[in-house]
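Reading through the structure tokens given below for one structure.
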Amino acid sequence: MYLHHRLNSSRLVVLLQQWARDDGARAAQLPQPDVAHTLSQWLGTVDAVQLSRALHAIESLPEAGRTGAEPGMAIDLAALDRFVQKAQADLSALLTARAAAPKPLRARADNTPVALPDPEADADFGAHAPRYLELQRQMDTRLLALRAQVRHAIAKGRPALRQLAALDAVMEQMLGAREQRLWASLPSHLERRLAYRHQAHQQALQARGLADEPHRWRQPGGWLWAFEQDMQALLLAEMQVRLLPITGLLEAAHNEKTGQQE
């Protein structure tokens, strides 16, 4: 129930639902699925058996800790919090950095004037997809490393945290491929958003009887400028969901420490 609530209330789910409502003609024809419920169906029968075996093995960790007379090291949670916050801030800055301005085409040998890039080329999603995919790749690399570092840190703590770290490693391995398929589906939502922005722009021009001015598309208030905001919002929402296992590990470590103090 708690996981269902966290997924349903995530920024990613809310954003995609909002985009579907904006794109009303298409959304009205299709039933809107419960995204969190869909994600919850990732574990099949074989996965459940493997998870059960992993849990059985993990249950032995506290006993091993007690018999080894090693209660666990104290974890500097404040330092770990700062480390995660810094990594999150750095990644947020990367995802929201302004796209580089398009460069003029190369000058010709006969010294004719340099041609500027065609702004209408940006109306095609192919001009934006490589950037989104590259940012996704960097996000994946950084957050996988961050998750492993946090897991390694809490695994030095008390037996309950060692169990949690071991369970997180199992879940990451089991769900990794499914998660990658989910992230790979997001560019298609962004492509539809580009089409929606472009269509809305054209309809507004027609309603007001104005001529189009492609050189203004990327200026604040332009439709490509708005699409850029959409891309950043989707990247940040994806980052929030990807961070959930990491923040969950931190919350558990804080709760364990609070329980010890009580």
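Remember, predicted model here, so these are calculated numbers, not experimental data.
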By salt bridge (Lys or Arg N to Asp or Glu O under 4.0 Å) - contacts of D212 (at least two apart): none
With R147 via salt bridge (Lys or Arg N to Asp or Glu O under 4.0 Å) - residues at least two apart: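 Partners of R147 by the salt bridge (Lys or Arg N to Asp or Glu O under 4.0 Å) criterion, ordered by chain and then number, come out as D168.
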Looking only at non-hydrogen atoms, find the nearest pair between [X] and [Y] and report the distance.
{"X": "A121", "Y": "A127", "answer": "O-CB, 3.8 Å"}
{"X": "I246", "Y": "L143", "answer": "CD1-O, 3.8 Å"}
{"X": "E238", "Y": "Y132", "answer": "OE1-OH, 2.9 Å"}
{"X": "E172", "Y": "L144", "answer": "OE2-CD2, 3.2 Å"}
{"X": "P187", "Y": "A184", "answer": "CD-O, 3.3 Å"}
{"X": "F83", "Y": "Q149", "answer": "CZ-OE1, 3.4 Å"}

Residue pair W183, V241: steps toward the side-chain contact (heavy atoms from CB on, under 4.5 Å) verdict: CA-CA 10 Å; W183 309 137; V241 175; 3.6 Å; yes
Cluster link W225 to M231, ILVMFWY, side chain under 4.5 Å: no
Joint hydrophobic cluster, L236 plus L94, side-chain heavy atoms closer than 4.5 Å: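 Same cluster.
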To the nearest 0.5 Å, tell me how far [X] [atom1] sits from [Y] [atom2].
{"X": "Q240", "Y": "S10", "atom1": "CD", "atom2": "OG", "value": "6.0 Å"}
{"X": "L164", "Y": "R151", "atom1": "CG", "atom2": "CZ", "value": "10.0 Å"}
{"X": "L80", "Y": "I75", "atom1": "CG", "atom2": "CD1", "value": "7.5 Å"}
{"X": "Q136", "Y": "L95", "atom1": "CD", "atom2": "CG", "value": "10.0 Å"}
{"X": "L133", "Y": "D140", "atom1": "CG", "atom2": "CG", "value": "12.0 Å"}
{"X": "L249", "Y": "L161", "atom1": "CG", "atom2": "CG", "value": "9.0 Å"}

Donor-acceptor contact below 3.5 Å, side chain R162 vs main chain G157: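 Side chain of R162 to backbone of G157: a pair is present.
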Exam field: side chain T141 to backbone Q138, donor-acceptor pair closer than 3.5 Å: no
State, with a plain yes or no, whether a side-chain heavy atom of [X] is found less than 4.5 Å away from one of [Y].
{"X": "L194", "Y": "D124", "value": "no"}
{"X": "L186", "Y": "L12", "value": "yes"}
{"X": "Q18", "Y": "D22", "value": "yes"}

Plane angle bin for H128 and F227 - parallel if under 30°, tilted between 30 and 60°, otherwise perpendicular: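 Judged by the thresholds at 30° and 60°, the geometry between F227 and H128 is perpendicular.
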Is [X] salt-bridged to [Y], cutoff N-O under 4.0 Å?
{"X": "D122", "Y": "R218", "result": "yes"}
{"X": "R137", "Y": "E134", "result": "yes"}
{"X": "D23", "Y": "R193", "result": "no"}

Steps toward side-chain contact (heavy atoms from CB on, under 4.5 Å) verdict (T96, L235): CA-CA 8 Å; T96 57; L235 285 164; over 6 Å; no
side-chain contact (heavy atoms from CB on, under 4.5 Å) evaluation trace for M239 with R242: CA-CA 5 Å; M239 181 186 71; R242 287 177 180 257; 5.6 Å; no
Check against side-chain contact (heavy atoms from CB on, under 4.5 Å), Q88 and L146: CA-CA 9 Å; Q88 183 176 352; L146 181 62; over 6 Å; no
Side-chain donor-acceptor pair present, R82, Q85, cut-off under 3.5 Å: no
Exercise: do H189 and R192 side chains pair donor with acceptor under 3.5 Å: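 The criterion, which ignores hydrogens and geometry beyond distance, is satisfied for R192 and H189.
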Other residues, nucleotides, ligands: >12 heavy atoms within 6.0 Å of Q173 CD: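 No, CD of Q173 has 12 or fewer neighbouring heavy atoms, counting only those of other groups under 6.0 Å.
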